[in-house]
Amino acid sequence: MPRKPYDWQLPPEIESRLSEDSYGPQRAISEAEHLLLVLHRPPNEDDLRREHILFLLTPDEKLLCNGSPDGIPKLDQLISDYRTRWEELENRYKLDSGASELFDLIEAVTPLKRSSANMANAIQKARELSKDYRYFIGVRDAAMDVSRAFEILLADLRAALDFRIAQKAEQQYVRSEEIAAAQHKLNVLAAFTFPVMAFATLLGMNLQHGFEKQSPFIFWGVLTGGVLIGVFVRSWILRKPRS
């Protein structure tokens, strides 16, 4: 698909540096006293394509945009569009706290961070090539501020995601330690109660063991001792291990 033509006449020196299919990456090209600034609009989250927006600085210091004479307000609006996208994502970051939401935000911020940084570099190059065209000074500073904002937001998102992953791993580790300690206590309890139950089963058989004619207080004493042992074992199992 050939690149879109606009209502201007580019010098042959600039035309020779452009391909027939696309205007290419964000950059500044200065030839024959003309400066062509190739920029991209803010990328969408679900679209990998980049929409070009072109600015041409003529020898009489008129800034055109895609063939129209309103280059300055269009470039200001482009910077504002990037800033608006940053504000939207910043607000989403403040509202969302889950790991999946953070991952989605990182996916959305990453191309914007890269595109805004390339835009700032291209405008800086245009500033160097245009020499005395002072408008590029202010717009360069604004573009660098937006690029820095996306960089900080992406760093915050990655740090927040790492924190949540580490926090979840720590919670799982503590929980697994508690489960392992409880399982160990249950194993000890089983090892203790198995022979007792076997002995009780043996005494429960219809055999002559000498306790048939003894005082019933022996039964109540054994029952009381069993209850006390049960209370002790319960508190031992529920006791949390020392960290």
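Both backbone and side-chain heavy atoms feed into the values below; hydrogens, waters and symmetry mates do not.
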Notebook entry, point to check: Is Leu56 reachable from Leu129 through a run of I, L, V, M, F, W or Y residues, each pair having side-chain heavy atoms under 4.5 Å apart?
Noted result: no
Notebook entry, point to check: Is there a side-chain contact between Arg85 and Asn44, using heavy atoms and a 4.5 Å cut-off?
Noted result: yes
Notebook entry, point to check: Got a sec: does the OH of Tyr6 have more than 12 other heavy atoms crowding it under 6.0 Å?
Noted result: yes
Checklist line | Gap separating the CG atom of Leu37 from the CG atom of Leu54, nearest 0.5 angstrom | finding: 8.5 Å
Item checked: Side chains of Leu18 and Ile29 in contact at under 4.5 Å (non-hydrogen atoms) -> yes
Item checked: Heavy-atom check, side chain of Arg92 versus side chain of Leu105, under 4.5 Å -> yes
Next item on the list: State, yes or no, whether a side-chain contact exists between Leu78 and Pro42 at a heavy-atom distance under 4.5 Å.
Entry: yes
Next item on the list: Examine Arg3 relative to Tyr23 and say whether NZ or CZ is less than 6.0 Å from the centre of the six-membered ring and inside a 45° cone about the ring axis.
Entry: yes
Margin query: For a side chain to side chain contact (heavy atoms under 4.5 Å, CB included) check, start with the C-alpha distance between Phe55 and Leu64, then their side-chain angles and the critical distance, and finish with the verdict.
Written below: CA-CA 5 Å; Phe55 298 90; Leu64 311 180; over 6 Å; no
Margin query: Let me confirm one number: the NZ-CG distance from Lys74 to Leu63, rounded to the nearest 0.5 Å.
Written below: 11.0 Å
Next item on the list: Evaluate the side-chain proximity of Val38 to Pro25: yes if any heavy-atom separation is below 4.5 Å, no if none is.
Entry: no
Item checked: ILVMFWY network linking Ile123 to Leu36, side-chain heavy atoms under 4.5 angstrom -> no
Notebook entry, point to check: Between His34 and Pro59, is there a donor-acceptor pair closer than 3.5 Å when you use the side chain of the first and the backbone of the second?
Noted result: no
Next item on the list: Can you establish whether the number of heavy atoms outside Tyr133 located under 6.0 Å from its atom OH is more than 12?
Entry: yes
Note to self: So, taking the atom named SG in Cys65 and the one named CD1 in Ile53, what distance separates them when rounded to the nearest 0.5 Å?
What the structure shows: 4.0 Å
Item checked: Approximate separation, where rounding is to 0.5 Å, of His40 NE2 and Leu112 CG -> 13.5 Å
Notebook entry, point to check: In Å and rounded to the nearest 0.5 Å, what is the CG to CE distance from Asn121 to Met144?
Noted result: 6.5 Å
Next item on the list: Please report the shortest heavy-atom distance between Ala120 and Ser147, naming the atom on each side.
Entry: CB-CB, 4.3 Å
Margin query: Are Gln26 and Ser115 packed together at the side-chain level, in the sense that at least one heavy-atom pair is separated by less than 4.5 angstrom?
Written below: yes
Checklist line | Taking every non-hydrogen atom, the tightest pair across Lys113 and Ser116 | finding: O-OG, 3.0 Å
Next item on the list: Look up atom CG in Leu154 and atom CH2 in Trp86, then write down how far apart they are to the nearest 0.5 Å.
Entry: 13.5 Å
Note to self: Are more than 12 heavy atoms, taken from residues, nucleotides or ligands other than Glu13, located less than 6.0 Å from that residue's CD atom?
What the structure shows: yes
Item checked: Test item: Thr58 and Trp8 side chains (from C-beta on) under 4.5 Å apart, heavy atoms -> no
Margin query: Can you tell me which residue among Asp162, Leu102, Ile152, Asp104 is in a side-chain contact (heavy atoms from CB on, under 4.5 Å) with Leu157?
Written below: Leu102
Notebook entry, point to check: What heavy-atom pair brings Leu75 and Phe136 nearest, and what distance separates the two atoms?
Noted result: CD2-CE2, 4.1 Å
Next item on the list: Using distance alone, with no hydrogens and no angle criterion, decide if Asn91 and Glu87 have a side-chain donor and acceptor under 3.5 Å apart.
Entry: no
Next item on the list: Indicate whether the side chain of Tyr135 and that of Asp76 have a donor and an acceptor atom separated by less than 3.5 Å.
Entry: yes
Next item on the list: Indicate the atoms forming the closest heavy-atom contact of Ser130 with Leu35, along with that distance.
Entry: N-CD1, 3.9 Å
Notebook entry, point to check: Any side-chain heavy atom of Met119 sitting closer than 4.5 Å to one from Ile79?
Noted result: yes
Note to self: Counting only heavy atoms not in Asp132 (residues, nucleotides, ligands), do more than 12 fall under 6.0 Å from its CG?
What the structure shows: no
Check: Ala126 and Ala28: which non-hydrogen atoms are nearest, and at how many Å?
Finding: N-CB, 3.7 Å
Next item on the list: Spell out, as yes or no, whether a donor-acceptor pair under 3.5 Å connects the side chain of Ser68 to the backbone of Asp70.
Entry: no
